[in-house]
Structures are given as C-alpha cells and as structure tokens.
There are 2 protein chains.
Amino acid sequence: MIKNTARATIADVARQAGVSKATVSRFLNHRDTLLSAEIAERVEVAVAQLGYTPSPMAQALKRGRSRLIGLVVADITNPYSVAVLRGAEKACRAAGYLVMLFNLGNESQRESAAIQALLSYQVEGFILNTMGYDAGVDAARCGKPVVLVDRLHQGLDVDFVSLNNKQAIDLSAQHLLDAGYTELLLATEPLGGVSSRIERSAAFMSFIRDHNEKVSGCCLASDAGAADLDQALRALRERAKVGRAAVISSNAVVTLRIVAAMARLGWQLGADVGLIGIDETEWSPYVGPGISTVSQPTGELGRKAAECLLDRLQGRDVAPRTILLPGVLNVRGSSDPSRR
Amino acid sequence: MIKNTARATIADVARQAGVSKATVSRFLNHRDTLLSAEIAERVEVAVAQLGYTPSPMAQALKRGRSRLIGLVVADITNPYSVAVLRGAEKACRAAGYLVMLFNLGNESQRESAAIQALLSYQVEGFILNTMGYDAGVDAARCGKPVVLVDRLHQGLDVDFVSLNNKQAIDLSAQHLLDAGYTELLLATEPLGGVSSRIERSAAFMSFIRDHNEKVSGCCLASDAGAADLDQALRALRERAKVGRAAVISSNAVVTLRIVAAMARLGWQLGADVGLIGIDETEWSPYVGPGISTVSQPTGELGRKAAECLLDRLQGRDVAPRTILLPGVLNVRGSSDPSRR
DNA sequence: TTGTACGCGTTATCAC
DNA sequence: GTGATAACGCGTACAA
C-alpha cells in the first residue's frame, strides 16, 4: 500500500512554478485579472503536475464561503425524502455545491443539534424537510438562507416548496367519488403540527363539506396500533352500509399500514374497501390489485428547493416564495376493481 | 428576523474571560492538564455566555482531523444502501463523527470525483458501497482507512463487511428445494465485476452442482428488457415440465422486475413459479401471496463497518478484516403456495 | 503584472 | 499554570 501522499498545497504549486502563492491564487480565482500568458502557463502546468486542488476547508475559513449546503431530512427511510434529496443534490452539485446530509431518524429533538453541527461546518444555506420544532429558526437567525420542503415551520417566513396538498387531495377524493365510493376516510399520521398533514386533513374535510350530498367522510390521525386501525376500518365499512367505503392515505408509510390491515381483515383492496395513497412507489403497481396513487413530482421538488436556495446564495433578496407543484393521478385496481 | 450573529471565536472567549487563547484551547482540549480552578471557572462561564463552539473547519486545518467520515453509496434509491447508511451514521455519530454522504446515483464514473471531493474536505476515512472501479484506491493511497460494504474493490486489501453470500444463497436454494421446486433460476443484474453479484452467482452454481440429483438450474445475469425477461421465465417453466420452477432474485430491484414479469405473464407467484428474493423490504409481505426473502442484517452491517473504521481511526493497525453476517429466511407465499 | 505580508480560528511549542 | 507565537492552507490588501 502506498504511503501518505500529503495533498499538494498552494505553496507547493508556487514553488514548482517559481512564482508566489498570490499569483497561483489569482490564477485560480480570477483568471480574468490578466496575468502574463507565460506565467499563467507555468502555473497551469504546475497545478496539473501536482494534481493540486484547493482545500475547501481553508477556503471556507478565509472567505466564509464553504460551498456546502446543509440538507436535513426527518427520516431517510422515507422514499419521498430520498427522492427529493436526489433532485436537490443534483442541482446543488451542478452549481458547484456539495450537500451535507443530516438524517434525524425521526428523532425530532435532534433537529437543533443537526442545524448546529451543519452550521459549525459553515454551510451556506439549508434545505429542511423536518418537523420544524423551532429549529430552522436557528438557521435563519444566522442569516443563512433556508428553504423548507413539504413542511412549514412556525414563525419562519422563508421559501417553501411542496406538493399542492389541496389539489392532491381533491384529485384523490374526486376520483374516489367518481369511482362510486361514498364513505371516505383520510388516514394520516398524528398531525403533531406538521403542516403537510394538517393541510391534507383540512383539504379533505373541506372536500367532504363541499360534496356532502354525495359523500361523507372523516379523518383518522393516529399512530395507533394494529387493533385500533382494524377497528377504524370496520367502523368505516359499517358506516358505508348503503354505499361503498374507501381510504385516502396521506403518505406511503400509512398506505402500507392500510394494506397490512386489509390483509389482516382478509378484505380485498378495491372491492371491499377502496384505497388511494399519496406518494407513488415502485411497489404500488404490484400490491394486491395495484394501489392507486397520486405521485409527487419529487425530483422537481428537490430541484426547485435547490434553485430557491442557490438564488439567494447568489445574492437575490426577494420576498419568500411558495412553490406548489401538482400531483398526478395513477389509477389502479385498489380504487377501480374492474381493472383486475 | 434577527441579524447575522457571527459565531463567537476562541479569541472572543479569551477576551471575555480575561485570559489568553491558549488557555481557552487547553481548557477545551486537555482539561486534564490542570489549570487553576479559578481560571477554569472563568473560561467555562465565558464559553457558556458566548455559546462558543469550536470551528471544526479551523480544527481540521490545524490538526488534520476533521471528525468527518465519507460515505459513498452507488445508489441512494436502493433501500439496502439506506439501511446500511443508517446503521453506519448512527455509530459514527455516537463516536463524535459526522458523516458526509455522497450519492453516485448509479453513475459509477463519478466515483473518483466523489472520493476526491470528500478527500478535499479532509474526511478521515471512507465507507464505500460502490462499484469499485478503482476509485477506493485513491482513498487508500492517501493513507486514509477504507471499509468496503457489500462490494469488494479489485486490488484493495482493506476491511470488508458484507452479507455471507454463500450462506444466503444456500439458505434460499435449500428452502426452495425443500418446498419442492426442482428447476431453479438465479436472476441478477449484470455481474460487471461487482463482487456480491459474482459471489451469489458462484454460490448458486455451486449449490446446483452439489445437488444435481435433485435439482437443476442456471443463471440469468442481465439488465435485459421486459420481453427478454418474460422469455427467460417461459423457458424456465418449459425446462421444469416434470417438476416445478422457481426464481432466486439476487436483490430487491431484481425481485421487483420478476414480480412485474409475473404480472405481465399472468402467472401466480408461488403456484406457477416460485420466488425468493435476497433483501427484505417493507412491501415483501404484501405483494401477491407475500414474497419470501432473505433479510440482510443491514443495520448491523452499517454498524460493523463504522466500527472497523473507527477502530483504525483510533490507531489500531491490524490486518484487513472480513466480516460476513448471515441472512435470515422469511418464508411467505411466493415459495410456499399453501400459505395462502 | 507580480510579490509581500497579514489574517481567518485553532492548536502546539515554546518560554515565562 | 499561563501567555506569546508560529503554523495549518488559503485569499487579498498593499506595495513594488
């Protein structure tokens, strides 16, 4: 194994090229500030020979710019977060930034610690997809730009990128209604101040109110155990005696819980109880008769988030923007038994 | 919104406490080197008042230690990688290290760039779950410890943590055999020099040889399109005229492809063709009659990888270790039609 | 156009 | 015990 080949420093390059460090630095940073072509040549060669790359650490220390962006996700296990992450990371990389990822593993009390850690590494801005228990505030307080994804933070008036929750819920509910389901249940994780959950519930209740002659429904916001969920589904079907019952699940995690409950109850997806879930996944088409979904434009959400941030990093100081992207309906057997 | 509160520096603390920077530094780093209790008190108070935290950047610059670990994954979309990542990140964090994640998005040519980027941020070591196209070598060349997860790199003799592929394949094949399947197919992505794929294929062929009186089988290593996969499955079933046919898929991605093919062909999982996949997923129990799997101890794999690295970071210089963890069988309907 | 000298925030080595 | 001081690798006034 070859030994510790210490990284070449700017001093090494300077020596090799027979110039001063300042000259090398200038060559690297502002090539426009014309240096004699001959010197430039010499430096260029030296850089190539030594395989020199500037130390971002030292650069960050000197100018405060680290070319680092902090990305905090509540739960990396959630495919939604990963998909958004991919889009954001790609956009940041294209702009010459490196993303430092911090995963909370659903321990929201670690949020402040995460921000602090990232802050200490001089990240220039944040993309936050977290619970928002007053942690993003720390970031904003330091004057670093912040973009929120999917979840608003109380008292934080910054750029926000998200699925258009109202549109997505309306799309789902209207589809269910069109498919002949009349008794609806929105299943979500406990609201707990998470804006997307709250918005989806509100949109759902609003839809129900607006269509109360044709359909009725209610919300189940809980992390309740299996027994409780089974009970809720039984009750739902009970209520639907005259019509047909269906569930809208507010994300992929909940969708899987509903599927598990249906399996326990021995009910057929679509036939016994309809189901449509927000969040498209790779497995949606293959579970039972296929699970209907509303796909989020996750890659695009991530890209937009990154764009907002980069925008501000380049100095544009505009009013906080809210970017809402529409979901797309994927109809499958779980909301249309005729399909299988 | 409150303005740019610049981070407090060690100099600020020193001034506030009426001591020198050196004293503050000593207080922070080696508290053992006794300082007068009175001074220690003063510094402690000043640190608290100013909410001072050392700048990892400056520390890294000075001592070369960044408390950063570079983690490169081939594809963050792969749940396996994410699960390993979680385990590793947790262990690193517990040891006071921050993980910098780099996702290749399956563009293996970016591997070298990733290592370079991470290297420039002075990461102290690497955990690599990548194709291994001679990139880890860069890392090792710099004398930084490297741990490989799941995939060996040619010419890189370092710590290696992985599923025991032979055990996992034997477990799968034996189970299929016990369940009455006699014509087996191992479906994998193109081998392409990826050690885990190669090992799984080899273990499979070895199993077939060792049990050739009871069972026969072959490998399908391809990223072939839908038509080709369908064709391969038809051929498989053809060969199994006298007995029953089953597929072992070498990871979750391939499992989903097989499921899709079965759906296209209108065949029943388990009854028409058996299936068992390496990699347990959250959806396995709910696709068709449930998909049998071999779960990898992903969290543990990540933890072990981190431990190996931290070990060397603390100076232990031992011979490269190979840690193989066993898989666990989850029998479901896809390999045991009686279950549903 | 190019080089010198200083400072970014730390830590380590010396004196005191 | 404690305080100057130099250095880590870099960027940039300033002088030349």
Side-chain angles (χ1 to χ4, degrees), chain A residues 4-44 46-47 50-68 119-124 142, chain B residues 4-44 46-47 50-68 96 116 119-124 142:
Chain A
N4 202 323
T5 305
R7 290 169 47 81
T9 79
I10 200 170
D12 298 329
V13 178
R15 198 177 318 116
Q16 172 97 3
V19 299
S20 77
K21 295 191 299 178
T23 304
V24 178
S25 177
R26 273 191 288 261
F27 171 78
L28 267 31
N29 299 310
H30 3 249
R31 317 191 165 229
D32 49 329
T33 304
L34 264 40
L35 342 89
S36 69
E38 189 243 350
I39 293 259
E41 178 71 19
R42 291 224 306 269
V43 174
E44 185 155 19
V47 167
L50 275 52
Y52 167 77
T53 13
S55 153
M57 290 282 183
Q59 287 182 315
L61 196 57
K62 184 60 189 161
R63 43 181 179 197
R65 301 193 50 195
S66 61
R67 313 236 59 151
L68 242 30
L119 226 34
S120 77
Y121 278 96
Q122 306 274 48
V123 299
E124 297 181 32
C142 292
Chain B
N4 201 325
T5 306
R7 289 168 49 80
T9 78
I10 200 170
D12 298 329
V13 178
R15 198 177 318 116
Q16 173 98 2
V19 298
S20 77
K21 294 192 301 177
T23 303
V24 178
S25 177
R26 271 192 291 262
F27 172 77
L28 265 34
N29 300 309
H30 1 251
R31 317 194 165 226
D32 49 329
T33 304
L34 264 40
L35 344 87
S36 69
E38 189 243 348
I39 293 258
E41 177 71 20
R42 291 223 307 269
V43 174
E44 185 156 17
V47 166
L50 275 54
Y52 166 77
T53 13
S55 153
M57 292 282 184
Q59 287 182 318
L61 192 59
K62 184 58 188 161
R63 30 159 124 145
R65 301 193 50 195
S66 61
R67 312 236 61 148
L68 241 31
Q116 288 305 329
L119 226 33
S120 76
Y121 277 96
Q122 306 274 49
V123 298
E124 297 181 34
C142 293

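Note that the structure is predicted; figures quoted are calculated from it, not measured.
- Remark: B:T53 engages B:R7 in a side chain to side chain contact (heavy atoms under 4.5 Å, CB included) (not counting sequence neighbours).
- As rounded to whole Å, 12 Å separates atom P of C:dT1 from atom CD1 of A:I39.
- In terms of phosphate contacts, A:S36 brings a side-chain nitrogen or oxygen within less than 4.0 Å of OP1 or OP2 of C:dT2.
- In this structure, A:R15 atom CZ and C:dG3 atom P are separated by 14 Å, rounded to whole Å.
- A:R65 is linked by a salt bridge (Lys or Arg N to Asp or Glu O under 4.0 Å) to A:E124, counting only residues two or more places apart in sequence or in another chain.
- With sequence neighbours excluded, the residues forming a side chain to side chain contact (heavy atoms under 4.5 Å, CB included) with B:S20 are B:A22, B:T23, listed by chain and number.
- Expressed to the nearest 0.5 Å, how far CG of B:L50 lies from CD of B:Q16 amounts to 5.0 Å.
- The distance from atom CZ of B:F27 to atom P of D:dT2 is 12 Å, rounded to the nearest whole Å.
- Within the 4.0 angstrom heavy-atom criterion, no nucleotide atom of any strand lies near A:L28.
- If you measure from atom CD of A:E38 to atom P of C:dT1, you get 14 Å, rounded to the nearest angstrom.
- Here B:R15 pairs with B:D12 under the salt bridge (Lys or Arg N to Asp or Glu O under 4.0 Å) rule; sequence neighbours left out.
- Between the side chain of A:R26 and the base of C:dG3 there is at least one donor-acceptor pair of N/O atoms closer than 3.5 Å.
- For A:M57 and D:dG11, the CE to P distance is 15 Å, given to the nearest whole Å.
- For C:dA12, one of the phosphate oxygens OP1 or OP2 lies less than 4.0 angstrom from a side-chain nitrogen or oxygen of B:H30.
- With sequence neighbours excluded, the residues satisfying side chain to side chain contact (heavy atoms under 4.5 Å, CB included) with B:K21 are B:I10, B:A11, B:A14.
- The shortest distance between the side-chain N/O atoms of A:T23 and the OP1/OP2 oxygens of C:dG3 is below 4.0 Å.
- In this view, A:R42 and A:E38 satisfy the salt bridge (Lys or Arg N to Asp or Glu O under 4.0 Å) rule, not counting sequence neighbours.
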Extract from the structure each pairing of a protein N or O with an N or O of nucleotides 8-10 of chain D at less than 3.5 Å, listing the distance.
from, atom 1, to, atom 2, distance (Å)
D:dC10, OP1, A:Y52, OH, 2.7
D:dC10, OP1, A:S55, N, 3.0
D:dC10, OP2, A:I10, N, 2.3
D:dC10, N4, A:K21, NZ, 3.1

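- By the side chain to side chain contact (heavy atoms under 4.5 Å, CB included) test, B:E44 is found to be paired with B:F27, residues two or more places apart in sequence or in another chain being considered.
- To the nearest 0.5 angstrom, B:K62 atom NZ is 10.0 Å from B:S25 atom OG.
- In this structure, the helix from C:dT1-D:dA16 to C:dC16-D:dG1 shows an angle of 50° between the axis at its start and the axis at its end, each fitted on 5 base pairs and rounded to 10°.
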